K.L.:
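Please find one structure pasted underneath; my questions will follow.
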Amino acid sequence: MFEFLKRVFRRQPGEPIVVVSGLPRSGTSMLMKMLESGGMEILSDSERAADIDNPKGYFEYGRIKDLEKETDKSYIREGRGKVLKVISFLIKDLPDDNDYRVIFMRRDLDEVLASQNKMIHRLGTTDTTATEAAMKEAYRNDIVRTRLLCRDRPNFELIEIGYKPTIENPAPTARSVNAFVGGHLNEAAMREAVDGSLYRNRGKS
Amino acid sequence: MLGGKNVKVKIDRDLYDRLRKVSDVAGYATTEEFVAHVLEKEMLHFEDAGSDDDIRNKLKGLGYIS
C-alpha cells in the first residue's frame with residue numbers, strides 16, 4: 001500500500017504519449033501517417049528520409065534507436081500529448097514517468113519477414129543468421145512480451161490494429177484509434193491517409 | 001491450506017505419461033521437477049527480451065536500433 005501511494009504521488013505523468021508500435025514493416029508508418037493527417041503532432045526528427053521502402057516517410061525519432069542503451073531517457077517527455085514511433089522490441093525500455101497509449105500494429109508474420117528481407121537486401125546491411133522459422137518464433141515471443149508488459153505496467157494501455165483490415169477498410173481503424181487517443185482527431189483525413197497501393201508484400205491468403 | 005506454495009495444473013494424461021518417461025530417463029527426481037524446469041525455460045522466451053540476439057541482429061540490419 002505504501003509503495004502504491006508513493007508511486008501515485010511521485011509520478012506526474014502529464015498528457016499520455018501515444019506510441020505507435022509493432023514489428024518493423026508491420027504498418028507502423030502507415031498508422032503514423034493516419035495520426036498526423038488526423039491532427040496529432042508527431043515527435044520526429046526526419047533523420048531517416050522517405051525511400052522506396054517507406055515512400056511517405058518513416059516518422060521516426062532517431063534517438064529512439066539508442067533507447068535500450070541510454071540511461072537518460074528524460075527526452076521521452078517531449079512526446080507528451082504527441083505521437084512517438086517505438087518498435088515493439090524497445091517498448092520495455094520506455095521510462096515509467098510517462099503514461100502511454102500504445103497502438104500496436106499486427107501483420108501476417110510471413111509478410112513482415114518478406115518485407116524486412118527485401119529492405120535488408122536493398123540497404124545492403126548485415127542480417128541475422130537465424131532461419132525464417134526461428135525468426136517467426138522470436139517475433140511471436142516479442143509480441144507476447146509486449147502484451148504482457150502492457151498488461152503488467154499500470155501506465156500502459158494497449159490497442160491492437162490489423163494492417164490488412166486497415167488497408168481493406170480504414171474506417172473502423174480510424175474510429176477505434178481516434179476513440180483510443182481521446183476522440184479529437186479528423187477521422188475522414190485519417191481514412192484518406194491510407195494508401196492501399198503500398199501493400200506490396202502480400203501473403204498467400 | 002489456501003494460498004499454499006504449490007498449485008495443481010491439469011494436463012492431458014497422455015502428455016503426462018510422456019513427461020514422466022522423459023523425466024525418468026533424464027534423471028529428474030520427480031516429474032513435477034522436470035515440468036517446472038521446462039516451463040521455467042520456456043517462460044524466459046516471453047520474459048527476457050534482452051537475450052534475443054536474433055531479433056537484435058535483424059533490427060540492427062533494418063536500422064531500427066543502433
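None of the values given here were measured: they were computed from a predicted structure. Quick note: numbers below take in every heavy atom, side chains included, and nothing from hydrogens, waters or symmetry partners. Naming: A, B, ... by sequence-line order, numbering from 1 per chain.
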K.L.:
Locate the shortest heavy-atom distance separating A:Tyr100 from A:Ile76; write the atom from each residue and the value.
P.N.:
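Reported closest heavy-atom pair: OH-CG2, 3.9 Å.
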
K.L.:
Assess whether salt bridge (charged side-chain N to carboxylate O under 4.0 Å, His left out) is satisfied between B:Asp17 and B:Arg20, documenting all intermediate values.
P.N.:
CA-CA 5 Å; B:Asp17 289 342; B:Arg20 185 166 50 78; 3.5 Å; yes

K.L.:
Would you confirm whether A:Ser37, through its side chain, and A:Met190, through its main-chain N or O, come within 3.5 Å as a donor-acceptor pair?
P.N.:
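No, the answer is negative, given that no donor and acceptor are paired below the 3.5 Å cut-off.
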
K.L.:
When you compare the side chains of A:Asn117 and B:Lys58, does any donor N or O come within less than 3.5 Å of an acceptor on the partner?
P.N.:
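Indeed, the side chains of A:Asn117 and B:Lys58 share at least one donor-acceptor pair under 3.5 Å.
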
K.L.:
With a 4.5 angstrom heavy-atom cut-off, which part of A:Leu67 approaches chain B: side chain, backbone, both or neither?
P.N.:
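Contact with chain B: none, neither part.
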
K.L.:
Pick one of side chain, backbone, both or neither for B:Ile55, based on which atoms fall under 4.5 Å of a heavy atom in chain A.
P.N.:
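Interface part for B:Ile55: both.
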
K.L.:
When only heavy atoms count and the cut-off is under 4.5 Å, which of residues 27-36 of chain B reach chain A?
P.N.:
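Checking residues 27-36 of chain B against chain A gives no residue, so none.
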
K.L.:
At a 4.5 Å cut-off on heavy atoms, which part of A:Leu113 comes close to chain B: side chain, backbone, both, or neither?
P.N.:
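Only the side chain of A:Leu113 comes within 4.5 Å of chain B.
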
K.L.:
Would you call A:Arg63 and A:Glu70 a salt bridge, taking side-chain N to carboxylate O under 4.0 Å as the test?
P.N.:
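Yes, this pair counts.
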
K.L.:
I need the residue from A:Ile64, A:Leu23, A:Val144 with the largest number of non-hydrogen atom pairs under 4.5 Å to chain B.
P.N.:
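Most pairs with chain B among the choices: A:Val144.
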
K.L.:
Going by the rule side chain to side chain donor-acceptor pair (under 3.5 Å), which residues pair with A:Thr28 if we only count those two or more places apart in sequence or in a different chain?
P.N.:
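A:Thr28: no side chain to side chain donor-acceptor pair (under 3.5 Å) contacts found.
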
K.L.:
With a 6.0 Å cut-off (strictly less than), is the heavy-atom count around CZ of B:Arg18, excluding the residue itself, greater than 12?
P.N.:
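Counting other residues, nucleotides and ligands, CZ of B:Arg18 stays at 12 neighbours or fewer.
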
K.L.:
Among A:Ile161, A:Ile143, A:Val112, which one satisfies side-chain contact (heavy atoms from CB on, under 4.5 Å) with A:Arg106?
P.N.:
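Exactly one option meets the side-chain contact (heavy atoms from CB on, under 4.5 Å) with A:Arg106, and it is A:Ile143.
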
